[in-house]
Amino acid sequence: MKRSFIASCACAVLLAAFCAGAALAQDASKTVMAACTKCHMAERLCAALGKKDQAAWEVTVTRMIGKGAQISEKEKPAVIAYLAGLKPGSKPVCE
């Protein structure tokens with residue numbers, strides 16, 4: 001009985017972490033589409049997917065924030081991870 005309680009708690013924690021990660025990805029998606037498409041067409045972002053790694057996206061996002069992109073320092077890591085994790089042709093960027 002004690003093992004099943006511990007297993008249930010572990011599953012609950014994992015599920016909560018998964019849902020939080022999905023929410024962060026959704027927020028990052030919205031931030032990217034709102035901030036980046038103010039100055040660029042989505043096709044420009046789409047063309048870069050799969051070509052830039054995490055470090056390259058960090059340079060790009062930092063540069064764009066310096067040029068006025070509305071991405072907060074709190075949002076920045078999630079945006080970078082989101083862009084670095086997208087495969088070429090991914091939606092909503094490549095719609």
Side-chain angles (χ1 to χ4, degrees):
M1 170 138 10
K2 192 174 189 180
R3 281 186 180 177
S4 94
F5 176 74
I6 292 172
S8 294
C9 289
C11 286
V13 168
L14 289 173
L15 181 61
F18 174 78
C19 290
L24 279 176
Q26 186 175 22
D27 288 347
S29 172
K30 288 179 181 178
T31 300
V32 165
M33 295 309 292
C36 301
T37 60
K38 282 191 177 188
C39 298
H40 303 292
M41 299 294 290
E43 290 83 10
R44 185 168 182 175
L45 288 170
C46 183
L49 298 180
K51 294 179 182 175
K52 293 185 177 188
D53 63 5
Q54 183 103 4
W57 278 115
E58 183 164 359
V59 169
T60 299
V61 171
T62 300
R63 186 176 69 249
M64 292 298 106
I65 290 171
K67 292 183 177 208
Q70 298 297 302
I71 299 171
S72 71
E73 284 300 316
K74 184 179 176 185
E75 295 168 316
K76 186 178 170 182
V79 166
I80 292 166
Y82 172 74
L83 289 167
L86 290 177
K87 297 186 181 342
S90 293
K91 292 182 180 181
V93 177
C94 301
E95 288 186 320

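For the numbers below, each heavy atom of this structure counts, side chains included, while hydrogens, waters and symmetry mates do not. Index from 1, following the sequence.
- Looking only at distances, no side-chain donor or acceptor of Glu75 sits under 3.5 Å from a matching main-chain atom of Glu73.
- Closest approach of Ala28 to Ala78, counting heavy atoms only: CB-O, 3.6 Å.
- Taken to the nearest 0.5 Å, the OH atom of Tyr82 stands 11.0 Å off from the CG atom of Asp27.
- In this structure, the separation between OG on Ser29 and CG on Leu83 is 9.5 Å, given to the nearest 0.5 Å.
- In this structure, CG in Leu45 is found 12.0 Å from OG in Ser90, a value given to the nearest 0.5 Å.
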For residues 46-57, which side-chain donor-acceptor pairs fall under 3.5 Å, sequence neighbours excluded?
{"unit_1": "Lys51", "atom_1": "NZ", "unit_2": "Ala47", "atom_2": "O", "d": "3.3"}
{"unit_1": "Lys52", "atom_1": "NZ", "unit_2": "Thr60", "atom_2": "OG1", "d": "2.6"}
{"unit_1": "Asp53", "atom_1": "OD1", "unit_2": "Ala55", "atom_2": "N", "d": "3.3"}
{"unit_1": "Asp53", "atom_1": "OD1", "unit_2": "Ala56", "atom_2": "N", "d": "2.9"}
{"unit_1": "Trp57", "atom_1": "NE1", "unit_2": "Lys52", "atom_2": "O", "d": "3.4"}

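- Remark: Thr62 pairs with Lys76 by the side-chain hydrogen bond (donor to acceptor under 3.5 Å, both in side chains) rule, at least two apart or across chains.
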Could you give the side-chain donor-acceptor pairs of residues 33-43 under 3.5 Å, partners two or more places apart or in another chain?
{"unit_1": "Thr37", "atom_1": "OG1", "unit_2": "Met33", "atom_2": "O", "d": "2.2"}
{"unit_1": "His40", "atom_1": "ND1", "unit_2": "Arg44", "atom_2": "NH1", "d": "3.0"}

